[in-house]
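Heads up, the thing below is written out as C-alpha cells.
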Amino acid sequence: MLNSLIRQCIFLFLTSFVLSLLSYIILIQDPLNAELATPHFYNGYIYYLTSLTQGDLGISYNGGQPLRSTIFTVLPPTLELCFCAILLAVIFGIPLGLIGAIYQSHFIGKAIRTLSAVGMALPVFWIAPILLYVSAINSWEISAIGQYNLLYEIKPITGFPTIDVWFVNVPYRLKIIQNVLQHLALPTLVLTILPTMEIVRLVQQRAEIIFQQNYVKVATTRGWSKFKVLRKYVLRNTLPLLIPQMTRLFTLVITQCMLVESTLGWPGIGRWLIDAVTQQDYNSISAGIITIGLCIIFIKILSESLIFILDPLNKKGWHAR
C-alpha cells in the first residue's frame, strides 16, 4: 500500500513537471516572453513556476484581460458539458453493456457489440453539424447554439448555468430553465456517444468473462436466474472497473469538447483555446494547457482515491487489462 502511494506521488510529480515545462516552452515562443529565458533557460522556468504557485497566469495579449479570471469564466461551461456527457454515458452504457453480456450469443448481444465498435469510430466534428442541421430543418427545440438565449440574464454565481439558473428570481424562471436545458441537450448528446460506447465495451467484456466463471455456472445449475446472478456477482465485479477508467473517459470527452464547442458556439475553454491558437496568443495557450492538465490530474487523483477506499490492499484487480 505504501509502495503504491509512493508510485502515485512520483507519477503525479513527473506529470506536473512535464506539464509545466511544456507550458513554459509554449510561453517563451512569444517574442515578448523570450526575455524570460535569458540569460539561462532555467531562470525563467523557476520564475514561471513561482508565478503559477501564486495563481498568476499573466494576461492575454488580445484584450489585456487577466488570464486567471478568464479561465474561471471559460472552464465551467466545458466542465458542465463533460460531466453531463459522462453522466449520460454511465446511465446508458451500463445497462446496454449488461444486456449485451446476458444475450451474448443472440442477435442483441452481437448488435450491441457492433454498435459500440461503430460508435467509437464516429467523428464528432462530422456528427455535430449534421445533428444541428437536422434539428434545425425539423424545428426541434434543441437546435440552438450557445449556453442560453442572450435575452435572458443569469447571474454567474458558480459559472454553471444549470446551477445558477435556480437562483434567478423572476416570474419566468421556468422558461429560462427550459431554455438552458435545450441549449445543453445537443452538445451533450454529441459528446456522450464516445464514452457511452466505451463503457458498453468495458462492461460487456467484463460481464461476459464473469458469466463464464465456475461459480456463476454453479449458481445457474442451482436454479438462479440470470438477473439474480447479475445482481449477486456481475454487478459487484463489473461496476468498480469503471472507476479507474474515469480519467481516460474524461480526457477523451474534454478533447472532443474543443471541436463541439467551436461547432455549436459553446463558450468553453476548448473554443477559447482554438481562438487563442488562431490569434497566436501564447500566454492564453500556455494557461489553457496548464488548466486542462490540472483538471485531468485532479480526476486521476479522485479516481485513485475512490479505488483506495473501495480496495485498500488492491486485491480485486479492478483495472482493465
*asked:* A quick test of your reading: do over 12 heavy atoms of other residues, nucleotides or ligands sit less than 6.0 Å from CD1 of Ile145?
replied: no

*Under a 4.5 Å side-chain heavy-atom rule over Ile, Leu, Val, Met, Phe, Trp and Tyr, are Ile71 and Ile289 clustered together?*
yes

*First locate atom OG1 of Thr251, then atom CD of Gln245, and finally report the distance between them rounded to the nearest 0.5 Å.*
11.0 Å

*Atom CZ in Phe83, atom CG in Leu191: separation rounded to 0.5 Å?*
13.0 Å

_Would Thr263 and Met258 count as a side chain to side chain contact (heavy atoms under 4.5 Å, CB included) here? Give the steps._
CA-CA 9 Å; Thr263 304; Met258 296 188 179; over 6 Å; no

*If we only count heavy atoms from C-beta on, is the Thr50 to Gln54 side-chain gap below 4.5 Å?*
yes

*Does a sphere of radius 6.0 Å around CZ in Phe211 hold more than 12 heavy atoms from other residues, nucleotides or ligands, not counting ones at 6.0 Å or beyond?*
yes

*So, does Ser135 use its side chain to make a donor-acceptor pair with the main chain of Leu132 at under 3.5 Å?*
yes

*Less than 4.5 Å apart, any side-chain heavy atom of Ser60 and any of Thr70?*
no

*Please assess Ile296 against Thr15 for the test side chain to side chain contact (heavy atoms under 4.5 Å, CB included), listing each intermediate value before the final yes or no.*
CA-CA 11 Å; Ile296 296 174; Thr15 304; over 6 Å; no

*Is Thr192 reaching over with its side chain to a backbone N or O of Leu189, donor-acceptor style, under 3.5 angstrom?*
no

*Fit a plane to each ring of His106 and Tyr103, take the angle between them on a 0 to 90° scale, and name the class: parallel (under 30°), tilted (30 to 60°) or perpendicular (over 60°).*
perpendicular

*asked:* So which atom in Ser286 and which in Ile26 form the shortest heavy-atom distance, rounded to 0.1 Å?
replied: N-CG2, 4.3 Å

*Are Val118 and Trp126 joined in one hydrophobic group, where the rule is that I, L, V, M, F, W and Y side chains link up if heavy atoms are under 4.5 Å apart?*
no

*Give the minimum heavy-atom separation between Ser284 and Asp281, together with the two atoms involved.*
OG-OD2, 2.7 Å

*asked:* Quick one about Glu261 and Thr78 (side-chain donor to acceptor, distance below 3.5 Å, no hydrogens or angles considered), yes or no?
replied: yes

*If we only count heavy atoms from C-beta on, is the Leu12 to Phe17 side-chain gap below 4.5 Å?*
no

*asked:* For Gln279, I'd like to know if atom CD has over 12 heavy atoms of other residues, nucleotides or ligands within 6.0 Å.
replied: yes

*asked:* Keeping Asp56 on the side-chain end and Gly58 on the backbone end, is there a donor-acceptor pair under 3.5 Å?
replied: yes

_Angle between ring planes, Tyr48 versus Tyr24, binned at 30° and 60°: parallel, tilted or perpendicular?_
tilted

*Start with the C-alpha gap between Val165 and Tyr152, add the side-chain angles, then the distance that decides, and say whether side chain to side chain contact (heavy atoms under 4.5 Å, CB included) holds.*
CA-CA 10 Å; Val165 70; Tyr152 302 125; over 6 Å; no

*Does the side chain of Leu242 come within less than 4.5 Å of Ile94's, by heavy atoms?*
yes

*Among the clusters formed by ILVMFWY side chains lying less than 4.5 Å apart, do Leu52 and Phe298 turn up in the same one?*
yes

*Kindly compute the distance separating OH (Tyr148) from CG (Leu184), expressed to the nearest 0.5 Å.*
13.5 Å

_Approximate separation, where rounding is to 0.5 Å, of Ser16 OG and Leu294 CG_ = 7.0 Å

*asked:* Looking at every heavy atom in both Leu273 and Ile285, which two are closest together, and how far apart are they?
replied: CD2-CA, 3.8 Å

*Verify, without hydrogens or angle tests, whether Gln147 (side chain) and Trp266 (backbone) share a donor-acceptor contact under 3.5 angstrom.*
no

*For Arg271 and Gly265, indicate whether the former's side chain and the latter's backbone hold a donor-acceptor pair under 3.5 Å.*
yes

*So, does Gln29 use its side chain to make a donor-acceptor pair with the main chain of Ile25 at under 3.5 Å?*
yes

*What's the verdict on side chain to side chain donor-acceptor pair (under 3.5 Å) for Ser116 and Gln204, showing C-alpha distance, side-chain angles and the deciding distance?*
CA-CA 10 Å; Ser116 64; Gln204 186 172 5; 5.0 Å; no

*Can Leu21 be reached from Tyr282 by stepping across I, L, V, M, F, W or Y side chains whose heavy atoms are under 4.5 Å apart?*
yes

*Are any non-hydrogen side-chain atoms of Trp272 and Pro267 less than 4.5 angstrom apart?*
no

*Mind checking what makes ring-ring contact (aromatic ring centres under 6.0 Å, His included) contact with Tyr215, not counting sequence neighbours?*
Tyr233

*asked:* Side chains of Ile307 and Pro244, heavy atoms from C-beta outward: is any pair under 4.5 Å?
replied: yes

*Leu194: which of Ile199, Thr255, Ile127, Leu252 passes side chain to side chain contact (heavy atoms under 4.5 Å, CB included)*: Leu252

*Nearest 0.5 Å, what's the OG1-CG distance between Thr188 and Leu264?*
10.0 Å

*asked:* Can you tell me if Asn169 has over 12 outside heavy atoms packed within less than 6.0 Å of its CG?
replied: no

*How far apart are the closest heavy atoms of Ile290 and Ser20, and which atoms are they?*
CD1-CA, 3.9 Å

*asked:* So does Gln65 get a backbone contact from the side chain of Ser69, meaning a donor-acceptor N/O pair under 3.5 Å?
replied: no

*Under 3.5 Å, side chain of Arg206 to main-chain N/O of Asn237, donor-acceptor pair present?*
yes

_Cation-pi check for Phe11 against Lys300: NZ or CZ below 6.0 Å from the six-membered ring centre and within 45 degrees of the axis, yes or no?_
yes

_Side chains of Thr291 and Leu75, heavy atoms from C-beta outward: is any pair under 4.5 Å?_
yes

*Assess whether side chain to side chain contact (heavy atoms under 4.5 Å, CB included) is satisfied between Phe167 and Ile154, documenting all intermediate values.*
CA-CA 8 Å; Phe167 297 97; Ile154 301 177; over 6 Å; no

*asked:* How close do Ala85 and Val253 get, counting heavy atoms only, and between which atoms?
replied: CB-CG1, 4.3 Å

*Can you find a heavy atom in the side chain of Asp164 that is under 4.5 Å from one in the side chain of Lys155?*
no

*Do you know the tightest heavy-atom contact between Thr247 and Ser303?*
OG1-OG, 3.3 Å

*Consider only side-chain heavy atoms of I, L, V, M, F, W and Y, link residues closer than 4.5 Å, and tell whether Ile209 and Ile112 are in one cluster.*
no

*Quick one: pull up CH2 in Trp166 and OG1 in Thr158 and give me the separation to the nearest 0.5 Å.*
13.0 Å

